[in-house]
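A short write-up of the structure that comes next.
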Amino acid sequence: MQKLVVLTGAGISAESGIRTFRDSGGLWEGYDVNQVATPEGFVANPALVLNFYNERRRQLSEVVPNEAHRLLAQLEKRYNVVIITQNVDDLHERAGSHHIIHLHGELLKSRGVDDPETTYPCLGDIHLGDKSPTGAQLRPHIVWFGEEVPMLDKAIEEVYTADILMVIGTSLQVYPAAGLMGYAKEGTPIFYIDPNPSLHSEGSLTVIAQKASVGVAKAIQLMNP
Ligand code: APR
């Protein structure tokens with residue numbers, strides 16, 4: 001089977017009711033990103049940051065995967081599909097996809113502040129004073145701005161070995177994720193689906209200016225003429 005690598009961003013979860021970052025006027029669900037998504041913000045006000053992610057985690061129980069997530073899961077019948085997502089939700093998992101790399105972490109995992117590598121399942125809230133087994137304060141397993149992206153090398157390798165690349169619902173503004181497309185081998189067919197795309201079709205890049213559900217269906221048609 002051909003390898004289809006899919007890079008997803010906040011836009012794929014928009015139709016499930018999760019707001020994207022840059023469509024919210026610089027605020028993320030009413031919060032300043034610098035306060036809630038940086039190590040400095042966590043040091044300045046850990047309770048605020050923990051509460052912010054507790055809210056995001058609780059929101060997961062109110063949303064379900066949409067058609068775009070489902071179509072990607074179904075593509076596993078025809079392709080070796082690898083999903084590289086910038087999203088911290090679990091909608092790809094719940095739609096049934098099996099090979100998912102979370103570049104920016106996962107809401108449903110926690111870790112101690114002392115160890116970025118050991119994670120724990122996290123289904124409920126994290127509070128100030130909650131400790132890891134090694135006695136460190138627990139924090140969400142989220143890659144904040146300015147932090148290392150531990151899954152980056154794996155993601156680069158997947159993109160480099162892709163036969164087809166699909167990029168869905170990302171503004172391509174946040175590096176290093178935004179640079180991943182550049183690792184595709186020359187001539188690899190790339191489908192970029194976004195209602196407000198930041199690139200134009202050229203060469204092997206086909207831009208589909210649609211929301212994710214419609215755009216993924218369209219890309220599948222183009223892949224199987
Ligand atoms: N379907 C597809 N795309 C959509 C839809 C939709 N229904 N609605 C909006 N979009 C697109 C927007 O046009 C935009 O290009 O989704 C994109 C969302 O962009 P961002 O909010 O910048 O999200 P993303 O690219 O995933 O952000 C990257 O930035 O804040 C950090 O770590 C966070 O992972 C995040 C990273």
Side-chain angles (χ1 to χ4, degrees), residues 5-42 49 52-53 55-57 59-60 63-72 83-92 95 100-109 116 139-152 155 159 165-182 190-201 205-220:
V5 175
V6 187
L7 175 64
T8 67
I12 195 169
S13 296
E15 288 168 76
S16 294
I18 301 180
R19 286 172 72 184
T20 65
F21 309 107
R22 280 164 199 85
D23 291 337
S24 332
L27 295 180
W28 184 8
E29 299 283 354
Y31 291 84
D32 177 348
V33 169
N34 291 313
Q35 276 183 319
V36 296
T38 61
E40 295 78 16
F42 186 58
V49 176
F52 173 76
Y53 289 99
E55 283 177 19
R56 307 279 77 72
R57 194 176 302 106
Q59 187 190 26
L60 291 184
V63 299
V64 292
N66 64 57
E67 183 65 6
H69 297 103
R70 284 193 291 273
L71 287 171
L72 293 180
I83 294 180
I84 303 168
T85 186
Q86 297 167 84
N87 300 342
V88 295
D89 64 52
D90 65 340
L91 295 179
H92 286 300
I100 304 161
I101 296 173
H102 280 274
L103 267 188
H104 294 164
E106 294 172 71
L107 280 170
L108 298 183
K109 289 184 180 167
R139 56 164 275 184
H141 176 53
I142 302 287
V143 177
W144 287 326
F145 288 102
E147 293 189 317
E148 292 277 310
V149 182
M151 299 306 287
L152 184 63
V159 172
L165 189 63
M166 218 187 260
V167 180
I168 309 169
T170 173
S171 58
L172 297 171
Q173 284 190 26
V174 173
Y175 284 82
L180 277 173
M181 271 169 80
I190 304 178
F191 298 92
Y192 172 40
I193 298 147
D194 194 301
N196 188 14
S198 45
L199 298 171
H200 300 289
S201 292
L205 170 68
T206 304
V207 176
I208 302 174
Q210 298 276 4
K211 60 184 185 174
S213 56
V214 177
V216 173
K218 175 85 184 153
I220 293 170

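Numbering of ligands and ligand atoms starts at 1, following listing order.
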Side-chain heavy-atom pair [X], [Y] within 4.5 angstrom cut-off:
X: Val216; Y: Val6; answer: no
X: Val49; Y: Trp144; answer: yes
X: Gln173; Y: Phe21; answer: no
X: Ile12; Y: His69; answer: yes
X: Met181; Y: Leu205; answer: yes

Should you measure from each heavy atom of [X], which atoms of ligand 1 turn up under 4.0 Å away?
X: Gly169; answer: 2 (C), 3 (N), 16 (O), 17 (C), 18 (C)
X: Asn196; answer: 13 (O)
X: Glu15; answer: 7 (N)
X: Gly9; answer: 26 (O)

Practice problem: Answer yes or no: is there a donor N or O on one side and an acceptor on the other, between the side chain of Ser16 and the main chain of Ile18, under 3.5 Å? | Solution: no
Quiz item: Between Gln86 and Ala177, is there a donor-acceptor pair closer than 3.5 Å when you use the side chain of the first and the backbone of the second?
Solution: no
Which heavy atom of the protein is the closest neighbour of [atom], given with residue, atom name and distance?
atom: atom 6 (C) of ligand 1; result: Gly11 O, 3.3 Å
atom: atom 36 (C) of ligand 1; result: Val174 CG2, 3.8 Å
atom: atom 13 (O) of ligand 1; result: Asp194 OD1, 2.6 Å
atom: atom 25 (O) of ligand 1; result: Thr170 OG1, 2.7 Å
atom: atom 9 (C) of ligand 1; result: Asp23 OD2, 3.4 Å
atom: atom 27 (O) of ligand 1; result: Arg22 NH1, 3.3 Å
atom: atom 7 (N) of ligand 1; result: Lys211 CB, 3.4 Å
atom: atom 8 (N) of ligand 1; result: Ala14 CB, 3.7 Å

Quiz item: Can you tell which of Leu72, Ile208, Thr206 makes a side chain to side chain contact (heavy atoms under 4.5 Å, CB included) with Met166?
Solution: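 Exactly one option meets the side chain to side chain contact (heavy atoms under 4.5 Å, CB included) with Met166, and it is Leu72.
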Quiz item: Which heavy atom of Asp89 sits nearest a heavy atom of Ser13, and at what distance?
Solution: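 Smallest heavy-atom distance, with atoms named: OD2-OG, 2.7 Å.
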Self-check item: Closest approach of Val143 to Gly105 (non-hydrogen atoms, all atoms of both residues)
Solution: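 Smallest heavy-atom distance, with atoms named: CG2-N, 4.1 Å.
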Taking [atom] as the point of reference, which of [options] owns the nearest heavy atom?
atom: atom 3 (N) of ligand 1; options: Ser198, Ser213, Pro195, Ala212; answer: Pro195
atom: atom 35 (C) of ligand 1; options: Tyr175, Phe21, Phe145; answer: Phe21
atom: atom 19 (O) of ligand 1; options: Gly105, Gly215, Ser13, Ser171; answer: Ser171

Exercise. Return yes or no for this condition: an N or O of Gln86 is under 3.5 Å from an N or O of ligand 1.
Key: yes
Self-check item: Ala10-ligand 1 polar pair, N/O distance under 3.5 Å
Solution: yes
Donor-acceptor pairs are to be reported for all side-chain atoms of residues 191-198 against protein atoms at under 3.5 Å, with residues two or more places apart or in another chain.
residue	atom	partner	partner atom	Å
Tyr192	OH	Thr170	O	3.0
Tyr192	OH	Ser198	N	3.2
Tyr192	OH	Ser198	OG	3.1
Asp194	OD1	Asn196	N	2.8
Asp194	OD2	Thr170	N	3.2
Ser198	OG	Ser171	O	3.4

Practice problem: Consider ligand 1: state whether an atom of it lies below 4.0 angstrom from any non-hydrogen atom of His104. | Solution: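 For ligand 1, residue contact (heavy atoms, under 4.0 Å) with His104 is present.
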